[in-house]
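All residue numbers in this chain count up from 1 along the given sequence.
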Amino acid sequence: MFSGIDEVDWASMEHAYGPADDVPALLRGLASADPAERETALDGMYGAVHHQGDVYACTLACIPFLFELAVHPGVQDRGGVVELLTSIGGFDLDEDDEAEFDEDEIEGAANYAMAAAAVTAGAEVFFELIADEDPGVRLAAPLALATLHRHPVRVLALLRERLPVEQDEEVRLALVEAAGRVALRHRPLAGRVADWLNRLAAQAHPPGLRLAALAQLARCSPEVLPGDVVPVVSGLLRELRRAPGGQPEHGPGQEREPDADGEAEPEAEQAQGAEVSCSEHVAVDTLVGQVRSLSAQESAGRAAPWAADLLRTLHVGLDDRVGDRTALLIDQLRSPDCGQRVDAVRMSGGLIRAWRGPYEELVALVGDQLADPEPRLAEAASHVLEELFGLAAPAADALAARLAADPGGWVKAWASGPPGLGSTVKALARLGDARVVPALAAALELPEVPHDAGFAVGHLGEAARPLAGALRRRLAAVDLDEGAYDRANPLLAGLTGLRAGEAAPEVLRVLRGAPEYRGEWLRTAALRALGSFGPAARCAEPELRGLIRRPGTPAATEAAEALWAVSGDTEAVLPVLLEGLGSDQVHHRRAAATALGALGPRAAAVAPRLRGLLAHDEMWLRVDAAIALWEVTGREPESTEVLLAAWEQSRHARVRVAQCLARMGPVGAGSAAARALRVELASVRRHNAMDGGYGSHDTYEDERLLALCREALRGTAKGTAT
């Protein structure tokens, strides 16, 4: 093994962290008898040689040696090596993608293509490994075959042959998953795969296998799913709970789940001597080790920890069938199995973030989990509710009850950075519920104010007025040193949300004494606060007038906006904002356009300048200029045309566009704007839903968009009924 490894010029190559001369040691580490050394080596391979899926020259040079490791019976943890090979060779480069690479990316694209070719050329060995003695290897081999082998018909035949003879449950599930991968990669085979999956789902197989078949069917051929998929899946979950080792632990006063005849079944004995489907791993402080440790914690005490992945796959396949997905989750949230409810809570968050629908019952059930004694369940529920804002209303009482029962969770400390509010506090504050005010008051008395406290205050409006005194007092005590921004910004945000004009002296102190480090950010926050105070901040006028004497700078534009809000002095601020409109920085011009719009008709003289920006290359500047133009002239057509073009160009512009359309008044029933708004309201997918990621305010922004669309349509013949 490793013949020729020292003849490779590793030092001439690089990986993610520099010269690749350490790669031979990593490869040898994968063959070590020491489990910790193997784990460290695998972490190094993923962390440097195959960093975030990248393929370097040294990655290509590793492929022959990885194949040697994968087939050598004396090497332990070979399943991890097979998974690494699958990841290295599994990149799909479509012909259409080739035109998207620029010159700097051509070498990377060539590496991906060579890796795919090299691993595919050796993929025949996975046919042997699918019957390996090591269950960890058998677990990884099916997906490797489905991903990499050039003859999918042979692969599919082997998967079907292996299923009846395979004894390990997780490996059986991997065989079914691999069939789904074959169908997705080779669409002419999708019908054949779907027929097999349908038979597996319908026959008298164990519930886990039937659930896996349904999940893959939803993934590759959702159109042939059985019409009663919701009750079928719910029944399979009940069977999993009753399987040996699957009986849930019962909390105080919780009865056992009745069987079909209404009788409670006896406590199932724990399965003994079940085959372990993957090798034991030692705890190692590496990224791979941490992932495995977290996975082990999640799986502890659960008879079918893989069921969560199957359900997630099923949900992905069900896609826009929101009613079916909601019904499945509601059933799961009523399960006596705590683990199934944890999974359901997390999947509920994913569903609501991506899809619009009537979620009152689902959210109320998520709220019920807050009272569960299992910490993971209550914590998962509070995190989901935190991101729902107004949609969390059905859980408001449950949130308030948890808040009262857990004062220790009001604030969370972190290993680095300032503390933050607990999820329950944020969720209740984002609902505008006054019951959270005592928790925020307590947070403001801590030695270090939570970084998000002020933003929570902003959602409460007048209900948080009693907190103004504490915010003022804490702001007055902030040392204006290099750490001033981190300490003052939460306080300024809270005072801004309250429009607490009595705090103008304290804010003015911060504005005058902002340090050099992050001073620009701190001044921006202070100016925003003074602007929100309006005429109540008259004491700041001299300072603001001094700042506008440097036109063309961001500070002058921000100060002019604040001065207008405080004094209404159009003559003083108009020249400054006009200067900002001519800045060579797009974001400065945007700020100036927005500020000019706030002046309304008093800034009508700048209309030609704003009109000239409607054809600018930068979409966001066109949007800001169009909105400002309407605000200063009251003429809709020229602004609406630009706004609707931006609406179609970028979904991220839609909230801002809809906000302006709503302010313009009811749109014409047959207008292009009305058509765009109705199409948006008819969509089930959230406008900002992303595959593989999300933002904490995505649901809030989408619900805001829907409300603005309805407001803009209100009064039109078709809009009223929407």
Worksheet item: Counting only heavy atoms not in E520, do more than 12 sit closer than 6.0 Å to its CD atom?
Response: no
Discussion item. Heavy-atom count check: over 12 atoms from other residues, nucleotides or ligands less than 6.0 Å from R635 CZ?
Written reply: no
Worksheet item: Has the side chain of D698 got a donor or acceptor atom that lies under 3.5 Å from a matching backbone atom of G695?
Response: yes
Discussion item. Looking only at the aromatic ring of each residue, does the gap between the centers of H51 and Y56 stay below 6.0 angstrom?
Written reply: no
Practice prompt. Mark yes when over 12 heavy atoms from residues, nucleotides or ligands other than R499 sit less than 6.0 Å from its CZ; otherwise mark no.
Written response: no
Worksheet item: Would you say E641 has more than 12 foreign heavy atoms packed within less than 6.0 Å of its CD?
Response: no
Practice prompt. Inspect the surroundings of CZ in R602 and state if more than 12 heavy atoms from other residues, nucleotides or ligands are less than 6.0 Å away.
Written response: no
Worksheet item: Any Lys/Arg nitrogen of E543 or R512 sitting under 4.0 Å from an Asp/Glu carboxylate oxygen of the other?
Response: yes
Worksheet item: Under 4.0 Å between a Lys/Arg side-chain N and an Asp/Glu carboxylate O for R474 and E506?
Response: no
Discussion item. Applying side chain to side chain donor-acceptor pair (under 3.5 Å) as the test, list every pair that has at least one member in residues 645-656; sequence neighbours left out.
Written reply: R622-Q649, D624-R656, R654-E680
Side-chain donor-acceptor pairs of residues 415-422 under 3.5 Å, sequence neighbours excluded:
none

Practice prompt. Would you mind reporting whether R353 and E387 have side-chain heavy atoms less than 4.5 Å apart?
Written response: yes
Discussion item. Does the plane of the ring in W521 sit parallel, tilted or perpendicular to the ring in Y485? Use 30° and 60° as the thresholds.
Written reply: perpendicular
